[in-house]
Amino acid sequence: MAEAGSALPARARIELARSVNNALHGTCPPQRAILPSHIEPTDTALTVRLGGARLDIVLSPTEVSLSETNRDAVALRILARAFGTPEDGPLEGRSRTPLTTLEQVRQLGSGTIPIRGRSSFIERVLAGQDISIIGPSSSGKSISAAQICTALSARGWTISWIDLSDPDRDERDLLLAACRTAVGPAKSHLVVVDDVQAGPSVMGRLRHLVPQLRAVAASRVQLLFVGWDSASSLIESEFPASVRVACKGDDVLQALAEHRGLSAIEVDQLRGLSKGDALIASLAIDLRAGLGRFPTIEEIAQRAVSRTIGGEQLSGDAVRLLYSICASNQFDIEVEADSAQALSSTGLAELLQRRIVRRAGNFLAVGHRSLAAMILHHLRRSPSQLPPGLDPPVRVAVQYLRSAGDRQILAVLERLDLASLAIRSEDHHGTAFLARAWESLRTLVRYVAKKAEADVTWGDNLASAVFAGEALAQVNHPGWHDVAAFVRDRWDIPEDGALPSPRARPSAERADFDEIQKRMVQEDREFTYRGIGDPADRIDFNRFHQTWTLGLLVGFEGTAREPSIERLRRLRRSAAHNQEPTGAFYPERVPWVTARVLLGLAAAGDTASNSDVCRRACDWLRTPSPAGPYRFGVWESGTGTWNTPAMTTALCILAMVRAGVSPSDRTIQAGSSYLLNARRQWSAPGGEIDAVAAVETLLAIGGRWREFATELATILTWSRDREPWTRTGRLASDSKEESSKVPFVARGLIEVVWETVKSELPALLEGIVITDEGTTMASASTVAPDLPLHTFADVATGCLQQLRRFIEGNVSERHLALAALPQTGRSRERAGAVEEALQRWMEREARLRKVENQLLEYRRTGNQDLRREVEEATDRLGAECLQQSWTPLAELAR
Amino acid sequence: MKLRNLSPAFVNFLAGIAAAGAVNLVTTIPSSKPVALHLAVVAVAWAAVAVSLAVAAGQLDDARRQADRLVTGRMGPRERAEIEERTAESVRSKVTWLLAAALVFVAVGVALWLALL
């Protein structure tokens with residue numbers, strides 16, 4: 001810990017202690033606080049007394065300066081340290097209290113009919129058991145939890161409600177709640193953790209925090225978890241003693257039906273109408289009383305809308321804004337008030353004033369997602385109300401999400417019920433596959449995080465730690481900080497531009513280079529290496545290792561959650577100093593080292609256009625043999641059987657593309673042709689490193705993930721198997737493969753899946769909306785007699801992109817062949833088969849371009865004649881290119 | 001015969017036969033010095049045949065590899081044939097000279113051996 005306490009003058013320490021004590025207790029006297037605690041200044045530090053324990057805490061300079069402006073944050077830090085929780089994350093921004101207050105909980109639960117069996121939950125809580133309420137969306141979980149809270153509050157319990165779907169919420173809010181929520185002389189505290197599935201990492205940390213809290217708190221602390229079905233295994237693993245209760249919409253439906261005296265037949269009708277959605281069931285029953293029959297979906301929507309909006313017409317601005325908010329809310333995406341304000345301040349004022357939209361902190365929502373979907377359905381069916389030129393709802397939601405950033409996208413994906421999408425039998429647009437890939441990604445992230453938690457050094461293997469850290473940084477996982485601490489501490493980066501060097505002793509992946517040496521020696525012995533550079537016996541393998549590590553470290557800082565500017569500066573300097581005159585990095589013989597350094601620099605924002613180092617490295621990689629490493633579309637590894645040509649080619653291409661070289665560059669086109677043709681080799685079992693590198697590269701140069709769905713599925717299955725994870729850290733001399741293979745593959749997979757999911761957000765959200773089972777109003781609104789404009793256009797776009805890849809591949813293969821073939825007089829008499837084929841493919845490329853332009857025009861105008869032309873031309877082209885494998889557009893879009 | 005149909009493996013096989021013949025001759029050198037010298041010359045001729053054929057096989061192999069690199073699964077049979085032919089063309093003169101040299105050395109070797117008899 002920093003020795004800053006001694007730097008505090010005595011008076012400042014007294015002031016600080018007083019302010020922190022006030023923050024802990026608020027307006028409550030110490031004896032009424034949930035956590036009896038007191039802070040005393042001593043000569044050098046602050047002493048915290050918690051319950052019967054005493055802990056001395058020394059504040060860092062940051063905390064000292066922050067205590068002037070943000071006492072709550074400092075109080076949290078002190079308590080976090082006292083309870084041993086991680087101290088990552090910014091200090092600021094924790095003083096707001098968006099925790100659901102008891103009043104809001106009461107409103108949530110009021111007016112609802114008691115659900116059968118809920119009294120037994122209360123008995124269990126009173127008996128000291130933790131409860132978890134699990135069920136699908138709109139099945140009455142939150143209502144049940146609210147009813148329990150209301151009942152317990154009436155018995156004098158203190159209630160705290162933490163919603164993990166809010167990206168800013170975590171276990172430290174529990175501490176804040178414990179410190180500040182003191183309602184009466186409560187002896188018992190119920191903590192509701194809502195949307196559990198959205199915060200698996202928080203659940204892990206809660207598991208450590210809660211027993212400590214229970215040991216020191218004066219009051220009893222019970223937990224009530226609320227989450228989707230997919231959260232049950234998470235709760236079971238972190239809190240196995242909690243009692244699981246399944247919540248079905250049917251329970252709410254039954255309670256409503258009994259209350260209203262419905263017959264069995266009517267209950268069945270209601271069940272068919274609502275499909276387990278408690279909100280729809282509740283509205284349907286209300287309407288039935290007036291209509292004398294069960295209402296249609298449209299009537300339910302009308303009712304929901306009239307209840308929300310009221311009779312008075314909304315202004316055009318307000319309707320437009322409401323449409324945008326509902327488009328996002330139907331996916332549980334809360335819209336930031338600032339964004340809404342920018343869209344229309346008058347519209348927002350009107351919606352807030354009429355209480356159609358509610359504000360929670362800086363976010364806006366109309367209410368439950370089903371309500372949002374119903375309002376949207378109503379607006380779309382009433383074109384007179386809707387201003388012209390509005391984008392489809394999914395597009396609005398996606399645009400908002402993309403502008404909100406990765407964090408918001410992650411939070412939304414955690415909340416969406418992708419599990420039900422993943423098990424769908426039909427998968428027209430690949431959304432089920434994407435959903436499965438996303439679920440696999442979550443599992444993979446958990447594997448990596450758990451492994452990092454068990455051993456943050458990954459067996460003292462810097463490469464594994466770097467790849468794991470990059471994987472965790474991709475998804476904004478807090479475990480990244482521990483890995484970063486190890487990576488930054490393990491290797492020194494000199495100021496003078498020398499290569500990075502390990503502290504004390506080389507890290508474990510150095511042993512891989514002994515194996516590399518053996519393979520290079522063997523390659524030299526067999527005379528199979530005909531490239532450039534030194535023979536193996538003249539290569540300095542320590543320098544080789546250090547140069548490769550330079551690439552790893554600069555890539556790590558470039559992708560870091562909190563990059564170190566100083567380290568980046570030194571690493572760039574080291575790269576500039578250690579680049580060979582040719583543009584390569586040592587050793588020249590091994591192009592994948594140059595590719596690794598180039599990848600790292602590209603991750604840090606350097607490209608061929610703004611960095612001489614990158615430009616020279618790209619130029620060298622493209623230099624053909626014998627002067628350079630490039631040869632007929634292939635980059636040989638230079639290290640014998642360590643790294644295949646496919647892997648090396650993929651890495652070199654990826655590095656150049658990331659550094660800004662155009663994917664249409666001749667060498668990259670030739671290389672991608674090689675990768676596509678070598679597909680069978682790199683997709684074979686045991687070739688996971690090659691496969692993930694090849695897929696990542698081919699996607700980076702514009703490939704469609706659908707073309708590689710099979711390979712992705714295979715690698716995902718492999719990575720989810722426990723067996724490879726037990727082999728992490730084994731030396732290459734034992735395993736005969738790279739010691740950091742598993743984290744390397746995991747990092748690549750997470751990158752590929754995450755980028756694919758982000759780019760396919762429209763398809764994913766559309767897939768959620770159009771469900772096989774269960775009905776939401778959104779699904780009713782998007783099922784139309786004719787295929788909606790954007791759906792046909794999206795399907796056609798996907799097909800055309802697939803055709804483009806195919807045609808471009810054919811063109812480039814023939815270009816390559818013609819460029820490489822020798823021109824001899826005799827054979828030119830009969831020459832022309834390749835040229836003729838090239839002409840044919842170029843003509844197809846021209847036709848493809850024409851269809852793409854027509855499609856763009858169709859998107860803009862919706863002209864049906866154009867649509868027919870696009871469909872016919874695409875099918876004609878597809879049949880010519882792919883013959884039997886081509887599925888007509890009309891069938892795909894059905 | 002089209003050069004692209006000439007198998008490098010077959011030419012290598014012939015080179016092996018020639019080399020084996022040369023080794024056989026060398027190992028049977030008698031004590032008489034003039035005969036030994038004669039036999040050594042014959043062996044050298046056969047060794048030269050082996051070397052010529054081996055180099056020719058190497059050239060043919062290189063041509064085939066280049067064709068393999070350029071031919072892809074999406075090319076038709078005419079394109080494949082053209083690529084194989086053109087790559088073979090690039091080594092035609094070298095291979096022809098080497099095969100011719102081999103024939104010459106075979107003739108020399110046979111003539112010398114018959115002279116010995």
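Reminder, nothing fancy here: chain letters follow the sequence lines and each chain counts from 1.
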**Student:** Check whether any side-chain heavy atom of B/Glu79 lies under 4.5 Å from a side-chain heavy atom of A/Glu836, and answer yes or no.
**Tutor:**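 No, every pair of side-chain atoms sits at 4.5 Å or beyond.
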**Student:** I need the A/Leu818 CG to B/Ile83 CD1 distance, nearest 0.5 Å.
**Tutor:**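 With rounding to 0.5 Å, CG (A/Leu818) is 8.0 Å from CD1 (B/Ile83).
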**Student:** Working to the nearest 0.5 angstrom, can you tell me the gap between B/Glu82 CD and A/Glu835 CD?
**Tutor:**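 Going from the CD atom of B/Glu82 to the CD atom of A/Glu835 covers 7.0 Å.
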**Student:** Given side chains that start at C-beta, do those of A/Tyr674 and B/Arg69 come closer than 4.5 Å, heavy atoms only?
**Tutor:**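 The answer is no, as the side chains (C-beta and beyond) never meet within the 4.5 Å cut-off.
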**Student:** For A/Phe806, is it the side chain, the backbone, both or neither that has a heavy atom under 4.5 Å from a heavy atom of chain B?
**Tutor:**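 Contact with chain B is through both the backbone and side chain of A/Phe806.
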**Student:** Distance check, rounded to the nearest 0.5 Å: A/Leu816 atom CG versus B/Thr72 atom OG1?
**Tutor:**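 Reported value, rounded in 0.5 Å steps: 9.5 Å.
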**Student:** Taking atom CD of A/Glu813 and atom CZ of B/Arg74, what is their separation to the nearest 0.5 Å?
**Tutor:**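 The distance works out to 4.5 Å.
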**Student:** Using heavy-atom distances under 4.5 Å, tell me whether A/Asn677 contacts chain B through its side chain, its backbone, both, or neither.
**Tutor:**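 Contact with chain B: side chain only.
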